[in-house]
Amino acid sequence: MPDIIQLLPDNIANQIAAGEVIQRPASAVKELMENAVDAGATEIKLIVNDAGKALIQVIDNGKGMSETDARMSFERHATSKIKNIDDLFHIKTMGFRGEALASIAAVSQVELKSKKAEDITGTYIEIDNSVVKKQEAVAMQQGTSIAMKNLFFNVPARRNFLKSNPSELRHIVDEFIRVAMAFPDIFFSLTSNGQQVFHLEKGTLKQRIVQVLGNSYNAKLVSVQEQSDYMNIYGFVGKPETAKKTRGDQYFFVNNRFIKSAYLNHAVMGAFDEMIAKDGFPMYTLFIDLDPAQIDINVHPTKQEIKFEDERIVYAFVKSAVKHALAQFSITPTLDFELDSSIQHLDAVSKPFTDERKSSAASTSLYNTFSQKNQAHFIENKSELKHWKDLYEPAKGESGVLNTTAAKEIVETVTASREPGFVSLQALAAHPAIATGHLTQLHNTYIIVQNDTGFFVIHQQNAHERILYERFIKAVDGKPIAIQQNLFPITIALTTMDMGIVNELLHELHFLGYHLEPFGNNTFVIQGTPADVDQGNEKIAIEKILEQFKHFSSDLKYSKREKLFRSLAWQQAIKAGTPLTQKEMKILVEDLFSCNAPNITPNGKPTYTAFKKNELDKMFGR
Ligand code: ADP
Ligand code: MG
């Protein structure tokens, strides 16, 4: 067999979003486990000591590497998984950047053992600080074992940045579960400090879910399964009675890759609407498969966020599939489970997504079918996806507080490709005379507002998220939000972990209107809350903040403060579907346009789209 690894040409390498691959032990776990999956292993064992700080080892029975490949695998941009830029748009493997092993070798002491089935002996390589210390032949079974010791031994600053062992171990377990969930036909085990924590036999997805999340889900899972030309969805949701008070048992996989998506989460929550308490979190493990050309997984350095070519279709599909499943299992027999009427009659959605159709979907632009029949001008141009690098670039600037220049850049890139009918930010600035005389709300979600050259369609939730986010920044910069002192201070007991979070955020919370005082023994006294928190809801408000903060907190690229702002804005923003009064709409519109970056949410979603009157005139032959 020929060797299969080759160096990527510089130009491709540079086009690939780099990002820091290894930020903590859990990131190495993810990369090593994904490599084992990519190698076709049927058994993958993870061993960690000291929460991965002392040792992370992954042993697999996959295809192994030749002697040359074993050496080559530690070079930066060395990959056997893509060969040219086109491949980037059809990725079928978990890895593809050829950076993980190079990064791992740069920050730890690595011992690799690998053997291919057809070779007589395997290869053993020892690497220290990227330098090969030893290489020799070794007798072993087919497969690969990679052990990385003393993570960040040569980067003390990084090592000191690591959290406590329980916290790092929790991240490791999260990553382990995400991979294990996605591949129920692979055996996985996790051993920590000599103790086996997970032992997951091969089985069905349902069995895997119960193995991982616990027996309480046995007989409490509802199967979701829907196929269309555009995408397939399958998996399970927990029956409404299994909903929990904290998020956690919620997993989305797109083409078998775990992703985080508040947007898709919202779609599932929408399907559960009315069936669970407002503050309940249903369990779900859902797999979405669609043509890789319809997504861009390169928008995030650790590949946990992706961009859909048309996320509205995915949203509608997910929501109706879950509704359908819940209805079929006669949990709510009267439910209306039709797809959004604008989408359901399309062939693309109503016909099954067979292999044949998959390939024809890839060649004929399916995208056009959707866009021409439905609101073509709302949908972004296909070429935008190809600009994933541009989209990725501004995100780099997001680490600190609000970066308006980056925000403007994003909107300008988007604007350029959204002709006709899109007014640029400059054009808006030149026509601030927005008429807030009478405002129209559509679908309890969109606010229409006009100025003398056209009109804007504002998404109320996105807009409010932006407004709140900037308000929070200002609060900490010297315009604190007023605190309403409680007449009868309330105590709140927290877990040790939550105590830690609150202690770290005490200062910021105070500026945001939450006055908390430590009271010993894992309790705080809530002395005051912002005026808009109703009496009696103080505890819930704090619990929600913690919940949201934890949800956002695996996102390492943001500071604590930034995470708090983002999670609070996200949590408190008025939701789509909420009817608004004239007065509320007026305030929202005025607040939005006095923001520094009125055009996008902190996460980069548009808050409004603008249309020019003269474009409308043209459409009507005037
Ligand atoms: P990527 O996964 O993006 O290709 P990595 O740095 O993770 O980059 O790995 C580099 C290469 O090393 C892979 O493309 C693969 O050919 C090889 N490799 C890594 N881990 C394994 C493994 N467990 N089994 C077989 N080959 C592996
Ligand atoms: Mg890899």
Side-chain angles (χ1 to χ4, degrees), residues 1-9 12-23 26-47 56-85 87-88 90-108 110-119 122-125 127 130 132 138 140-148 175 178-179 182-183 186-188 256-258 292 297-298 300-304:
M1 280 292 279
D3 299 327
I4 52 171
I5 299 183
Q6 54 174 4
L7 278 175
L8 287 176
I12 300 181
N14 295 336
Q15 281 167 23
I16 299 176
E20 287 288 344
V21 186
I22 307 300
Q23 292 164 325
S27 7
V29 164
K30 170 175 191 276
E31 295 295 337
L32 293 177
M33 289 182 68
E34 288 185 350
N35 278 347
V37 169
D38 284 345
T42 57
E43 277 183 22
I44 300 176
K45 295 175 193 151
L46 168 65
I47 299 169
I56 297 171
Q57 182 173 18
V58 172
I59 306 167
D60 71 53
N61 65 350
K63 67 179 178 191
M65 285 180 263
S66 70
E67 188 184 341
T68 329
D69 281 347
R71 265 299 270 275
M72 189 70 162
S73 66
F74 290 98
E75 297 294 329
R76 193 161 287 278
H77 305 307
T79 181
S80 55
K81 299 170 193 174
I82 64 169
K83 295 195 165 51
N84 55 51
I85 197 75
D87 292 344
L88 261 184
H90 308 95
I91 288 165
K92 296 217 169 64
T93 48
M94 304 298 289
F96 57 85
R97 291 180 182 143
E99 285 183 314
L101 292 188
S103 308
I104 284 171
V107 293
S108 67
V110 178
E111 291 171 24
L112 166 109
K113 282 198 278 183
S114 192
K115 183 176 112 52
K116 295 169 59 138
E118 64 266 38
D119 291 345
T123 309
Y124 172 82
I125 298 179
I127 299 182
S130 298
V132 178
V138 64
M140 65 179 287
Q141 301 274 308
Q142 172 191 344
T144 302
S145 155
I146 301 184
M148 48 183 295
E175 292 297 353
R178 288 164 186 175
V179 180
F183 300 95
I186 298 178
F187 166 89
F188 288 94
N256 260 4
R257 188 184 296 281
F258 172 83
I297 51 188
N298 236 320
H300 191 262
T302 61
K303 298 174 272 188
Q304 280 198 357

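Whatever order the structure lists ligands and atoms in, that order sets their numbers, starting from 1. Owing to the predicted nature of the structure, the values given are computational and were not obtained by experimental measurement.
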Next on the checklist: Check this for me: Lys116, atom NZ, are more than 12 non-hydrogen atoms of other residues, nucleotides or ligands nearer than 6.0 Å?
Outcome noted: yes
Item to check | Side-chain H-bond candidate by donor/acceptor type, Asp69 with Ser80, under 3.5 Å | outcome: no
Item to check | Contact atoms of ligand 1, heavy-atom distance to Ser73 under 4.0 Å | outcome: 10 (C), 12 (O)
Next on the checklist: With heavy-atom distances below 4.0 Å as the criterion, list the atoms of ligand 1 near Ala100.
Outcome noted: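 Answer for ligand 1: 6 (O), 7 (O).
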Which is it for [X] and ligand 1 at heavy atoms under 4.0 Å: side chain, backbone, both or neither?
X     : answer
Thr79 : both
Ile4  : neither
Glu99 : backbone

Item to check | Interatomic spacing from CD1 in Ile146 to OG in Ser108 - rounded to 0.5 Å | outcome: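 Between atom CD1 of Ile146 and atom OG of Ser108 there are 10.0 Å.
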Item to check | Point-to-point distance, once rounded to the nearest 0.5 Å, from CD of Glu34 to CD of Glu175 | outcome: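 If I round to the nearest 0.5 Å, the distance is 8.0 Å.
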Checklist entry - Looking at the Mg ion (ligand 2), is one of the N, O or S atoms of Met94 less than 2.8 Å from it? => result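 Looking at Met94, which is the residue asked about, there is no N, O or S atom under 2.8 Å from the Mg ion (ligand 2).
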Item to check | Lys63 to ligand 1, any heavy atom closer than 4.0 Å | outcome: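 Lys63: no contact with ligand 1 (<4.0 Å).
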Item to check | Heavy-atom pair of closest approach, residues Met140 and Gly143 | outcome: CE-O, 3.6 Å
Next on the checklist: If the condition is side chain to side chain donor-acceptor pair (under 3.5 Å), which residues does Ser114 pass it with, not counting sequence neighbours?
Outcome noted: Thr144
Checklist entry - For Gly64 and ligand 1, does the shortest N/O to N/O distance drop below 3.5 Å? => result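 So ligand 1 has no N or O lying under 3.5 Å from an N or O of Gly64.
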Next on the checklist: Side chain or backbone, does Glu31 bring an N or O within less than 3.5 Å of an N or O on ligand 1?
Outcome noted: no
Next on the checklist: Please determine whether a side-chain nitrogen of the Lys or Arg among Arg71 and Glu67 lies less than 4.0 Å from a carboxylate oxygen of the Asp or Glu.
Outcome noted: no
